[in-house]
2 protein chains.
Amino acid sequence: MLVVVALGEETKRFSQLHAQIAGISKKMLTQVLRELERNSLDKRVVYLVIPPMVEYSLTPLGLTLRELIYALRDWSERYIEEVERRRTEYDQQDKTLLQEQIMALVQQWTEAS
Amino acid sequence: MLVVVALGEETKRFSQLHAQIAGISKKMLTQVLRELERNSLDKRVVYLVIPPMVEYSLTPLGLTLRELIYALRDWSERYIEEVERRRTEYDQQDKTLLQEQIMALVQQWTEAS
DNA sequence: CCGGATCCGGTTTGATACTG
DNA sequence: CAGTATCAAACCGGATCCGG
């Protein structure tokens, strides 16, 4: 998905994509690009020069999918803060419950001794 | 994702969801539902009865996400055939190449002997 | 009925080195 | 530059048993 976003409107080279997508390995990038190509979502053009040059671009089909991915990205950007806030609450709630359970155990122990 | 679609508009019980989503294990369903709950995308209501009864429903936030998921589902339904057709072509192309390579090897071998 | 806990094989991934 | 090859490590996801 990030790959489709990274491709954007333009044709890009392998190393450009690799630099643009933080933390992806060459292996994974290759794998994803090949799979997209297989599904005809992107196009791969190899120039027979030295050093090698390979360009990737979205197909018309890929472009239609990109719109949806943009919508997802916008949703994330809009709600990411709320989700993270809620998640923190949820996790702390768990922590509170755990504390209560521990306190209960301590109490039982003190009563028993 | 399928879980969000399955939840739809209504409140549903665990076993309903489990029956509705083909091939998901209880473990996975539980895991997904808990993660969604953690991100406040669904709500979990436990009734303290025997046998247990647990109901799940989408939160307002979850409802906004559901719209996007519907869009993705529609995209899939619309283009799935094209993608599969292209994929088949792509794979057969590979097979053809492989055959050519094998033929070339056979030729070399027959020439050598 | 709705899970939690544990084990366990298979897939995926990262790291590293290498190549035309 | 744009990958491929190989191996170890991490991460699932399923199967099974248990428990309120």
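Letters go in sequence order (proteins before strands), and every chain restarts at 1.
The hydrophobic side chain of Ile50(A) is isolated, with no ILVMFWY side chain under 4.5 Å apart from it. Grouping Ile, Leu, Val, Met, Phe, Trp and Tyr residues whose side-chain heavy atoms lie under 4.5 Å apart, directly or via other members, places Met53(A) in a hydrophobic cluster with Val45(A), Tyr47(A), Val49(A).
If you walk DNA chain C from 5' to 3' and mark each nucleotide with an atom closer than 4.0 Å to a heavy atom of chain B, the marks span dC1(C) to dT6(C).
Residues passing the side-chain hydrogen bond (donor to acceptor under 3.5 Å, both in side chains) test with Asp42(A), sequence neighbours excluded: none. Looking at residues two or more places apart in sequence or on another chain, you find a side chain to side chain contact (heavy atoms under 4.5 Å, CB included) between Ser57(B) and Thr11(B), Lys43(B). Contacts of Arg44(A) classified as side-chain hydrogen bond (donor to acceptor under 3.5 Å, both in side chains), with partners at least two apart in sequence or in another chain: Tyr56(A). With sequence neighbours left out, the side-chain hydrogen bond (donor to acceptor under 3.5 Å, both in side chains) criterion links Gln16(A) to no other residue. Take Arg85(B) and apply the side-chain hydrogen bond (donor to acceptor under 3.5 Å, both in side chains) test, not counting sequence neighbours, and it matches no residue.
Atom CG in Leu17(A) sits roughly 13 Å away from atom C1' in dC1(D) (whole-Å rounding). Taking atom CE of Met28(A) as the reference point, atom C1' of dC11(D) lies 13 Å away to the nearest angstrom.
For the helix from dC1(C)-dG20(D) to dG20(C)-dC1(D), the terminal axes (five pairs an end, C1' atoms, rotation from four pairs onto the next four) enclose an angle of 50°, given to 10 degrees.
Among the atoms of the strands shown, only primed sugar atoms or phosphate atoms (P, OP1, OP2) are found under 4.0 Å from some heavy atom of Gln31(A).
Proximity of a side-chain donor or acceptor of Ser40(A) to a complementary backbone N or O of Arg86(B) within less than 3.5 Å is not detected.
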So which protein nitrogen or oxygen atoms get under 3.5 Å of nucleotides 3-6 of chain D's nitrogens or oxygens?
unit_1, atom_1, unit_2, atom_2, d
dG3(D), OP1, Arg34(A), NH2, 2.8
dG3(D), OP1, Arg44(A), NH2, 2.6
dG3(D), OP2, Tyr56(A), OH, 2.5
dG3(D), N7, Lys26(A), NZ, 2.8
dG3(D), O6, Lys26(A), NZ, 2.7
dT4(D), OP1, Arg34(A), NH1, 3.2

Between side-chain atoms of residues 17-26 of chain B and protein atoms elsewhere (two or more places apart, or another chain), which donor-acceptor pairs fall under 3.5 Å?
unit_1, atom_1, unit_2, atom_2, d
His18(B), NE2, Ile24(B), O, 3.0
Gln20(B), OE1, Lys12(B), NZ, 2.9
Ser25(B), OG, Met28(B), N, 3.2

For residues 67-75 of chain B, which side-chain donor-acceptor pairs fall under 3.5 Å, sequence neighbours excluded?
unit_1, atom_1, unit_2, atom_2, d
Tyr70(B), OH, Arg66(B), NH1, 3.4
Trp75(B), NE1, Thr64(A), OG1, 2.9

